[in-house]
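Small disclaimer: the values here were computed from a predicted structure and weren't measured.
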Amino acid sequence: MSKLTLTLGAVLVIAVVAGCGGSASSGDTPAEAAPTPAQPPAAGANKGPTLKIVGSDYGRILADGRGRALYLFTADTGKASTCSGDCAAAWPPWIVKRKPRAAPGANASLIGTTRRAGRLQATYRGHPLYYYVGDRAPGQVLCQAVFEFGGYWYVVRSSGKAVR
């Protein structure tokens with residue numbers, strides 16, 4: 001891959017992060033918050049991944065066991081993810097080693113997984129789930145209802161429906 005391609009990819013990711021801005025529900029601005037790791041942290045090895053409901057500026061939404069908001073992508077059809085490359089850099093998929101378990105408020109019958117390049121991506125009501133790279137705090141939602149990479153990105157209610 002050429003340096004120009006890598007540079008253009010980095011500029012695109014920075015533009016996506018800057019384009020979603022918004023206010024953090026924790027009161028921090030993105031510049032004040034702690035750096036986000038390239039890949040969202042994995043759930044504890046002993047308990048496995050957990051899907052729970054947390055409060056946010058958009059009401060009660062789905063989150064991983066650490067409280068990080070999860071999004072669906074309207075360009076996905078069925079359980080197949082259509083987000084890769086620069087899209088997955090801005091919207092990392094929630095990769096799990098096994099099907100997440102439901103914490104109170106989440107519907108266990110709606111939780112599943114889909115194959116993604118040999119790994120498992122968590123799904124809810126058939127929608128592959130993603131993080132937004134700019135979200136740093138539990139319940140923080142910085143990029144709601146934005147059109148990027150060919151579809152809209154929405155946080156998800158406990159029913160599995162997008163918050164519109």
Side-chain angles (χ1 to χ4, degrees), residues 9 12-13 16-17 19-20 22 24-26 36-164:
L12 178 61
V13 169
V16 168
V17 171
C20 286
S25 60
S26 68
T36 301
Q39 178 67 26
N46 294 337
K47 297 188 328 184
T50 302
L51 187 67
K52 66 183 186 176
I53 305 299
V54 298
S56 76
D57 290 343
Y58 298 93
R60 298 189 48 76
I61 61 169
L62 290 181
D64 70 5
R66 296 179 183 201
R68 290 200 55 204
L70 294 165
Y71 296 78
L72 64 78
F73 183 37
T74 61
D76 288 342
T77 55
K79 288 175 67 172
S81 172
T82 60
C83 179
S84 61
D86 290 337
C87 177
W91 298 94
W94 185 22
I95 300 299
V96 295
K97 291 187 179 185
R98 62 180 172 262
K99 179 180 164 183
R101 62 185 175 85
N107 185 335
S109 69
L110 298 179
I111 299 172
T113 59
T114 189
R115 285 268 169 215
R116 175 189 181 90
R119 298 171 18 182
L120 290 178
Q121 181 175 359
T123 63
Y124 196 76
R125 195 177 176 208
H127 300 288
L129 297 173
Y130 304 86
Y131 296 99
Y132 171 59
V133 73
D135 293 346
R136 294 178 176 95
Q140 184 176 51
V141 178
L142 296 180
C143 209
Q144 165 66 359
V146 65
F147 187 86
E148 292 181 340
F149 301 103
Y152 283 93
W153 295 90
Y154 296 107
V155 290
V156 186
R157 296 207 186 282
S158 62
S159 65
K161 294 185 180 182
V163 175
R164 295 184 189 255

- When rounded to the nearest 0.5 angstrom, what distance separates CZ in R164 from CD in Q144? 9.5 Å

- What is the distance from atom CZ of R157 to atom CG of L72, rounded to the nearest 0.5 Å? 11.5 Å

- Note on the structure: CH2 of W153 to CZ of F73, rounded to nearest 0.5 Å, is 4.5 Å

- Message: Give me the atom names and distance for the closest heavy-atom approach of T113 to P100.
- Response: CG2-CD, 4.3 Å

- Message: Tell me the closest heavy-atom pair linking R116 and P93, and the distance in Å.
- Response: NE-CG, 3.3 Å

- Quick one: does R68's side chain have a donor or acceptor within less than 3.5 Å of a partner on D135's backbone? yes

- Task: Supply the atom-to-atom distance Q121 CD to H127 NE2, rounded to the nearest 0.5 angstrom.
- Result: 12.5 Å

- Item | Test item: S81 side-chain N/O and P128 main-chain N/O as donor-acceptor pair under 3.5 Å | no

- Item | Min side-chain heavy-atom separation L110-L51 under 4.5 Å | no

- Message: Testing the basics here: between S158 and G105, what is the closest heavy-atom pair and its distance to 0.1 Å?
- Response: CB-O, 3.4 Å

- Query: What about the rings of W94 and Y130, do their centers lie closer together than 6.0 Å?
  - Reply: no

- Task: Nearest 0.5 Å please: distance from the SG atom of C143 over to the CD atom of E148.
- Result: 4.5 Å

- Query: Which pair of heavy atoms, one from D64 and one from L70, lies closest together, and at what distance?
  - Reply: N-CD1, 3.6 Å

- Query: Passes side chain to side chain contact (heavy atoms under 4.5 Å, CB included), D57 versus V141? Steps please.
  - Reply: CA-CA 7 Å; D57 290 343; V141 178; 6.0 Å; no

- Item | From F149 atom CZ to T74 atom OG1, the distance as rounded to the nearest 0.5 Å | 13.0 Å

- Any side-chain heavy atom of R98 within less than 4.5 Å of one from P49? yes

- Search all heavy atoms of V163 against all heavy atoms of Y154 and return the closest pair with its distance. O-CD2, 3.1 Å

- Message: So which atom in I61 and which in V155 form the shortest heavy-atom distance, rounded to 0.1 Å?
- Response: CG2-CG2, 3.8 Å

- Message: What verdict does the side chain to side chain contact (heavy atoms under 4.5 Å, CB included) test give for K161 and R125, after you've listed the backbone C-alpha separation in whole Å, the side-chain angles of each residue and the deciding distance to 0.1 Å?
- Response: CA-CA 8 Å; K161 294 185 180 182; R125 195 177 176 208; 2.8 Å; yes

- Apply side chain to side chain contact (heavy atoms under 4.5 Å, CB included) to the pair L120 and R115, showing each step before the final yes or no. CA-CA 5 Å; L120 290 178; R115 285 268 169 215; 3.8 Å; yes

- Below 6.0 angstrom between ring centroids: does that apply to Y71 and W91? yes

- Task: Check whether any side-chain heavy atom of I111 sits under 4.5 Å from a side-chain heavy atom of K99, and report yes or no.
- Result: yes

- With a 4.5 Å heavy-atom cut-off, do L129 and T123 have their side chains touching? no

